[in-house]
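Everything on this sheet refers to the single structure shown next.
Note that these values count all heavy atoms, side chains included, but never hydrogens, waters or copies made by symmetry. Model, not experiment: these values are computed from the prediction.
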Amino acid sequence: MPKVTPFKSIRPVPELAARIAALPYDVYNRKEAAAEVKREPLSFLGIDRAETWFDDDVDTYDTKVYQKAKELLDQSIADGHFIIEETPCYYIYELTMDGRSQTGIAACSDIDDYQNQIIKKHENTREDKEIDRIRHVDTTDAHTGPIFLAYRSKAEINEIVSAIKRLDTLYEFTSEDSVTHRVWRISDQETIEKLRQLFEEIPYTYIADGHHRCASAVKVGLKRRMEHPDYTGKEEFNRFLSVLFPDDQLAILPYNRVVKDLNGLTRDEFIEAVKKAGFRISFSGKEPVSPKEKGTFGMYLADGWYLLTADPSLLSEDPVEGLDVSVLQNHLLGPILGIGDPRTDKRIDFVGGIRGLSELEKRVNEDMKIAFSMYSTSIEELLGVADAGLLMPPKSTWFEPKLRSGLFIHSLSQI
């Protein structure tokens, strides 16, 4: 029974929402982030990635970077760029991309639900990435980027959301990447209470995207509890910012792989090893290969594209071992290319499906030797892995469209 609660959002004034709303902090490298903040100085990315206001010789994780983030957030509020809600609200957040829409509810989720595995995860996190967001949240005293949660669709919630969406929007704009964002506010206490009760009837929620942000938010909450041993559980630091989506509206894009070399093999030796490992290979020439079903993979070498089809003996009913990313790792990337731990091996890199297959060709032509295009992990597979208490291999899922930061901010110390 997850606790999903309304909150007093700090949110943009309507006329600035489109300029402030920003892609998540971790989709940019430092150079890209600096360019985006230069293009749009009001972008919330300038707060999420405050190193963009310093010269490159200032370390990304320098203490003054986090202090700058707080300074910028406080100044933006003082300058009237943001509104602070007087009463706790829920928000409906719809994103439309390429003709497909998904609609979630912006609310706060409970850190105890994460601790007790009511909020389920499917990925491990890296400590260095956690520390960065822990320092950002703790210093700014705010959750600035929502965690993307999923839940198994519930008709009664869908009905309420549909009714709210017939009302006037709070925000409505199309971002630079052609995603249309629409937001509605729910301030009616009867509707708020009904939604709260309906979410309590759902067994679990699931982290779709934002594992590091979620772990960091929880750790800040636990830190605040230690600093305030008389806490009651009602304090805002006991919750974190989230947007919850029904599972049947979500789409996952593939997370493709590129590898720096053939592990000392010639092209012909590598092809022969792949065949012996249990993959059927067919050459497709210059026509890019986007896999159409599970157990198939595109492969790009300098001479063109190939379609790989895994022998049934390589497949598994196990929730993790049966994933295509596991099949590729366990039977090709590991034993043939020597990628023992894709989480730490510097010879492998990952390319989100949103960048397209041309990006794979580009990487092979520039700095890599071979690329693999994947068939998308399904939302059913994600939920199945989480329900089994298991973890997916790294970079198994790429969600689009991305939630924007800056549309909803949750203060950890508001009254």
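- The heavy-atom pair separating Ala371 from Leu360 by the smallest distance is CB-CB, 3.8 Å.
- Using a 4.0 Å cut-off between charged side-chain N and carboxylate O, Arg224 and Asp138 make a salt bridge.
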Problem - salt bridge (Lys or Arg N to Asp or Glu O under 4.0 Å) evaluation trace for Lys402 with Asp209 - result: CA-CA 9 Å; Lys402 300 291 187 186; Asp209 201 8; 3.1 Å; yes
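- Partners of His136 under the ring-ring contact (aromatic ring centres under 6.0 Å, His included) rule, at least two apart in sequence or in another chain, do not exist in this structure.
- Between Tyr300 and Phe372, the ring centre distance reaches or exceeds 6.0 Å.
- Separating the OG1 atom in Thr180 from the CD atom in Glu94 is a distance of 8.5 Å, to the nearest 0.5 Å.
- Between Glu201 and Arg196 there is no salt bridge, since no side-chain nitrogen of the basic residue lies less than 4.0 Å from a carboxylate oxygen of the acidic one.
- Using a cut-off of 4.0 Å between Lys/Arg side-chain N and Asp/Glu carboxylate O, Asp112 and Arg225 are scored as salt-bridged.
- The side chain to side chain donor-acceptor pair (under 3.5 Å) analysis of residues 365-376, with sequence neighbours excluded, yields the pairs Arg363-Asp367.
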Exercise for the section: Go through the steps for Asp261 and Arg347 under the test salt bridge (Lys or Arg N to Asp or Glu O under 4.0 Å), then give the verdict. Expected result: CA-CA 7 Å; Asp261 56 62; Arg347 294 170 52 235; 2.6 Å; yes
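- Tyr171 pairs with exactly one of Arg11, Arg185, His181, Arg404 by the side-chain hydrogen bond (donor to acceptor under 3.5 Å, both in side chains) rule, that one being Arg11.
- Relative to the ring axis of Tyr25, Arg133 places its NZ or CZ within 45° and under 6.0 Å from the centre.
- The environment of Asp98 atom CG is sparse: at most 12 non-hydrogen atoms of other residues, nucleotides or ligands sit within 6.0 angstrom.
- Here the shortest heavy-atom pairing between Thr52 and Gly46 reads OG1-CA, 4.0 Å.
- In this structure Arg39 satisfies the salt bridge (Lys or Arg N to Asp or Glu O under 4.0 Å) test together with Glu36, Glu176, sequence neighbours excluded.
- Taking the centre of each ring, Tyr151 and Phe245 stay at or above the 6.0 Å mark.
- Aromatic ring centres of Phe7 and Tyr91: separated by under 6.0 Å.
- Between Lys219 and Glu130 there is a salt bridge, with a side-chain nitrogen of the basic residue lying less than 4.0 Å from a carboxylate oxygen of the acidic one.
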Can you give me every donor-acceptor pair (side chain of residues 321-330, partner residue at least two apart or in another chain, under 3.5 Å) with its distance?
unit_1	atom_1	unit_2	atom_2	d
Glu321	OE1	Asn330	ND2	2.7
Asp324	OD1	Gly295	N	3.1
Asp324	OD2	Gly295	N	3.1
Ser326	OG	Val320	O	2.7
Gln329	NE2	Ile339	O	2.7
Asn330	ND2	Ser326	O	3.2

Problem - Stepwise side chain to side chain donor-acceptor pair (under 3.5 Å) test for Glu193 and Gln197 - result: CA-CA 6 Å; Glu193 187 57 32; Gln197 292 173 4; 3.3 Å; yes
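- Screening residues 113-123 for side chain to side chain donor-acceptor pair (under 3.5 Å) gives Lys120-Asp387 as the qualifying pairs, with residues at least two apart or on separate chains.
- Within the structure, the ring-ring contact (aromatic ring centres under 6.0 Å, His included) test picks out no pair touching residues 308-344 (sequence neighbours left out).
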